[in-house]
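Before any comments, here is the structure.
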Amino acid sequence: MNSFIKESIKSLDTQLDIIQTCISRLADDDIWKKFRQETNSIGNLCLHFAGSEYAFIVSIIGGKPFI
């Protein structure tokens with residue numbers, strides 16, 4: 001595995017740890033609560049982010065089908 005891929009995986013893992021730490025500090029209700037009508041909940045934003053990352057990394061870079 002080349003160094004770019006290794007560093008990319010390391011960076012993604014670090015970012016995931018930060019996200020998990022932040023979310024673990026919230027109550028379940030706060031994760032899904034919309035604090036203003038015109039915004040999305042934190043949970044909804046995380047779902048969209050995960051889907052985008054999957055589409056980009058797995059499908060576009062990895063050449064695998066988007067499921």
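- Atoms CG and CG, on L47 and N40 in that order, are 10.0 Å from each other to the nearest 0.5 Å.
- The two residues G43 and W32 have their closest heavy-atom pair at C-CZ3, 3.4 Å.
- In this structure, D17 places its CG atom where more than 12 heavy-atom neighbours from other residues, nucleotides or ligands lie under 6.0 Å away.
- Around atom CZ of F49, no more than 12 heavy atoms belonging to other residues, nucleotides or ligands sit under 6.0 Å away.
- Hydrophobic clustering (side-chain heavy atoms under 4.5 Å, transitive across Ile, Leu, Val, Met, Phe, Trp, Tyr) keeps L16 apart from L26.
- Environment of CD in E38: crowded, with over 12 heavy atoms of neighbouring residues, nucleotides or ligands closer than 6.0 Å.
- For the pairing with I31, the side chain to side chain contact (heavy atoms under 4.5 Å, CB included) check across L45, N44, I23 returns one residue only, I23.
- To the nearest 0.5 Å, the span separating CG on D13 from CD on Q20 amounts to 9.5 Å.
- Counting only heavy atoms from C-beta outward, the side chains of L12 and E53 approach each other to under 4.5 Å.
- Using modelled atom types, no side-chain atom of S11 and backbone atom of E7 make a donor-acceptor pair closer than 3.5 Å.
- Note: I19 CD1 to T14 OG1 = 11.0 Å, rounded to the nearest 0.5 Å.
- Looking at every heavy atom in both residues, F35 comes nearest to D30 through CE1-O, 3.9 Å.
- Counting non-hydrogen atoms of other residues, nucleotides and ligands closer than 6.0 Å to NZ of K34 gives a total above 12.
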